[in-house]
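Let me begin by presenting the structure, written as structure tokens, before commenting on it.
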There are 2 protein chains.
Amino acid sequence: MPEQHPGSRPTLEAVAARAGVSRATASRVVNGGDGVRKPLVDRVRQAVEELQYIPNHAARTLVTRRTGAVAVVIAEPEIRIFSDPFFSLQLRGISKELAAHDTQLVLLIVEGPADFDRIARYLSGGHVDGALAFSLHTDDPLPSITRRAGVPTVYGGRPSWTAGPGEQAVQYVDADNRGGARAAVQYLRGLGRERIAYIGGPPDQTSAVDRLDGYRDILVETDPTLIAEGAFTVESGARAMAELLDRRPDLDAVFAANDLMASGALRVLRERGIPVPEQVALVGFDDMDTVAEATDPPLTTVRQEIEGQGRLMARLLLRGLEKDRTGAGRPDSVITPTTLVRRASA
Amino acid sequence: MPEQHPGSRPTLEAVAARAGVSRATASRVVNGGDGVRKPLVDRVRQAVEELQYIPNHAARTLVTRRTGAVAVVIAEPEIRIFSDPFFSLQLRGISKELAAHDTQLVLLIVEGPADFDRIARYLSGGHVDGALAFSLHTDDPLPSITRRAGVPTVYGGRPSWTAGPGEQAVQYVDADNRGGARAAVQYLRGLGRERIAYIGGPPDQTSAVDRLDGYRDILVETDPTLIAEGAFTVESGARAMAELLDRRPDLDAVFAANDLMASGALRVLRERGIPVPEQVALVGFDDMDTVAEATDPPLTTVRQEIEGQGRLMARLLLRGLEKDRTGAGRPDSVITPTTLVRRASA
DNA sequence: GGAGCGAGTGGGAGCGCTCCCATGTCTGTC
DNA sequence: GACAGACATGGGAGCGCTCCCACTCGCTCC
């Protein structure tokens with residue numbers, strides 16, 4: 001185990017010398033060995049092994065103009081509001097996929113508006129080959145930053161804007177929010193429930209919009225008194241539930257647009273002595289295990305593969321970069337399926 | 001807003017030409033402008049502005065051998081077990097501090113033993129100037145990896161091993177766990193409590209060890225029936241509490257080594273109809289706001305500045321890198337203070 | 001048996017930057 | 001008013017790699 005003096009790492013030159021070939025040939029071997037005769041390949045490989053050669057990344061990037069790194073941009077609010085099982089799972093999926101492709105993950109946390117400058121500078125600096133970001137509000141400056149910086153970007157969650165004329169279509173990965181909501185409401189109807197209330201998320205998030213659309217797909221003549229708006233938090237779910245019960249004490253089912261709100265709603269139902277699911281059936285969304293399985297009764301909910309979404313985001317981006325190089329078009333966005341998970345609350 | 005053709009970004013050469021100076025002078029200005037006369041500085045700055053010049057990071061790294069990036073290594077279990085308010089806060093602190101020093105954050109998530117190879121290769125590859133990692137178990141391969149790769153590393157939480165002879169002392173940032181525990185127990189004693197139980201964490205984590213030591217500092221003749229071991233999770237806290245009550249129904253206070261376990265304990269106390277704090281006073285540790293403020297009654301707990309710890313880790317590392325360059329010794333580890341936060345549970 | 005061809009290999013330029021060193025310029029000093 | 005000395009600037013090498021191009025083989029084919 002030679003303890004390397006820092007800064008004295010062996011170069012390709014050294015490998016080539018040891019293997020008795022030219023630097024060019026050594027380079028070919030290190031990069032896959034195509035078009036080099038077997039014995040030479042072996043000799044170079046052995047030299048690499050003996051010298052513990054590791055390519056200098058900066059030198060490689062300098063000439064190839066590819067960094068082998070991808071930025072993950074995350075706005076600070078998200079890291080908190082989602083109280084993370086959501087985000088951390090997605091990040092994990094991303095990390096796995098990137099690792100499998102020897103691509104590094106550079107994390108950019110946006111703390112406030114002032115940070116966008118820093119982000120813009122970074123992305124424009126050619127430090128990364130692409131970026132992954134999460135679903136944003138309409139006025140978010142990020143899309144225009146990445147576009148101007150020419151950095152291919154894949155979004156998690158359907159963005160609320162669409163590409164302008166002549167622009168590349170926005171690439172994203174999202175769950176089938178609408179379909180999942182449809183399934184949930186349909187299931188409640190199948191149980192014989194007739195006054196199905198809805199606790200929605202903030203209307204500036206497309207996932208909330210899509211879930212509401214799904215609800216409406218089934219309950220075409222929706223009674224507005226059965227709809228309340230929350231903010232995807234436990235507290236807001238409780239508030240919305242109280243509001244709904246005050247307005248419509250006769251409701252017999254609730255579909256909440258995420259599990260956190262469902263758990264808040266459940267708390268209120270219990271406080272008021274309303275048995276779940278006997279009198280009011282309750283369905284959530286997301287299937288966050290730390291929430292949906294922990295409530296009493298456990299939540300029936302719509303499951304989405306969060307980690308899988310992360311993987312797909314990374315895969316979509318990497319594939320797009322690959323295609324950019326080969327001149328093909330970028331791949332399309334992906335909608336991942338959702339499934340209804342039956343537990344005790346409905 | 002010139003939409004740059006990718007790959008046609010202006011170089012220092014171009015800036016120099018436009019400002020009518022040499023590349024060397026342009027470089028000096030870009031790197032702070034020391035020893036360049038004012039009018040030239042201005043001219044170069046203007047050229048930079050006009051051309052929207054952004055230095056090529058790879059080229060710079062190639063010659064300076066500094067990457068301007070730091071790795072944050074995190075083992076997958078942590079990301080879940082702590083259910084993250086803890087980790088995400090620390091990460092946030094790190095991110096802020098690094099951003100303030102124009103240093104990038106490369107996130108390395110270790111999924112399993114097989115990943116250590118990848119991590120080792122990455123760290124040895126000179127992709128980063130340093131690394132930040134989190135407190136580990138005795139047999140963790142990471143320390144030996146970073147040492148062999150010659151990557152300066154700062155740990156979050158006191159590591160359970162110490163440096164061998166002749167090795168650099170291990171640098172870390174940790175809360176004053178022992179002092180915090182002392183304060184908590186002392187506080188309970190001040191309330192007149194006499195049979196103060198302890199719910200501890202896993203003994204292979206130094207934070208758990210240190211907190212137990214603090215407890216023992218005050219309760220010198222500890223009764224072993226008053227001590228139970230948990231695993232820093234809600235469930236394990238509940239289990240430990242039940243165990244303690246079975247053994248010692250007469251206990252009048254509990255100090256739990258973290259808030260999650262305290263909330264588990266609280267649940268059990270409530271289930272058994274034991275009033276808190278009247279019959280049993282309860283103190284937690286960490287002051288995780290999502291937990292400590294959300295329980296009923298809210299937890300009295302020992303607060304540690306988690307985000308601040310993250311900042312300090314980054315600062316320690318950056319300062320160490322600076323000193324390496326100037327030839328000074330690396331700075332010492334840091335212990336951050338804890339404070340007792342009084343709420344209703346004790 | 002010689003021209004033609006393709007595959008394998010090496011030479012060398014150059015990616016964009018920093019930094020050493022030589023050169024030039026302007027002070028201050030006797 | 002000439003000379004050292006400090007300071008400012010430019011020229012140029014070189015960081016480690018990839019990739020273009022030219023070259024040399026060993027074959028096939030007529």
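We name chains A, B, ... by the order of the sequence lines, and we start the count at 1 in each one. Small disclaimer: the values here were computed from a predicted structure and weren't measured.
The one candidate from B:D129, B:T61, B:T103 that meets the side chain to side chain donor-acceptor pair (under 3.5 Å) condition with B:T67 is B:D129. When the options B:V72, B:L107, B:L105 are evaluated for a side chain to side chain contact (heavy atoms under 4.5 Å, CB included) with A:L105, the one that passes is B:L107.
Residues A:E50 and A:Q46 have side chains that bring a donor and an acceptor to within less than 3.5 angstrom of each other.
Within the structure, a side-chain polar atom (N or O) of A:R65 is placed less than 4.0 Å from OP1 or OP2 of C:dG16.
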Verdict with reasoning, B:D117 to B:R121, per salt bridge (Lys or Arg N to Asp or Glu O under 4.0 Å): CA-CA 6 Å; B:D117 233 47; B:R121 224 175 331 120; 5.1 Å; no

When Watson-Crick pairs (N1 to N3 and N6-O4 or O6-N4) and G-U wobble pairs (N1-O2 and O6-N3) count only below 3.5 Å on both distances, what is the dot-bracket string of DNA chain C, with | for other-strand pairs? ||||||||||||||||||||||||||||||

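Heavy-atom neighbours of B:R118 CZ from other residues, nucleotides or ligands within 6.0 Å: above the threshold of 12.
Annotation: of the two residues near DNA chain D, B:S22 and A:V63, the 5′-most nearest-nucleotide partner is B:S22.
Contact check of residues 28-39 of chain B against DNA chain C (heavy atom, cut-off under 4.0 Å) returns B:N31.
A heavy-atom distance below 4.5 Å is not found between the side chains of B:Y155 and B:M313.
Using a 4.0 Å cut-off between charged nitrogen and carboxylate oxygen, A:D115 and B:K96 do not count as a salt-bridge pair.
Of the listed nucleotides (D:dG16, D:dG10, C:dC17), D:dG16 has the atom at the smallest distance from the side chain of A:N56.
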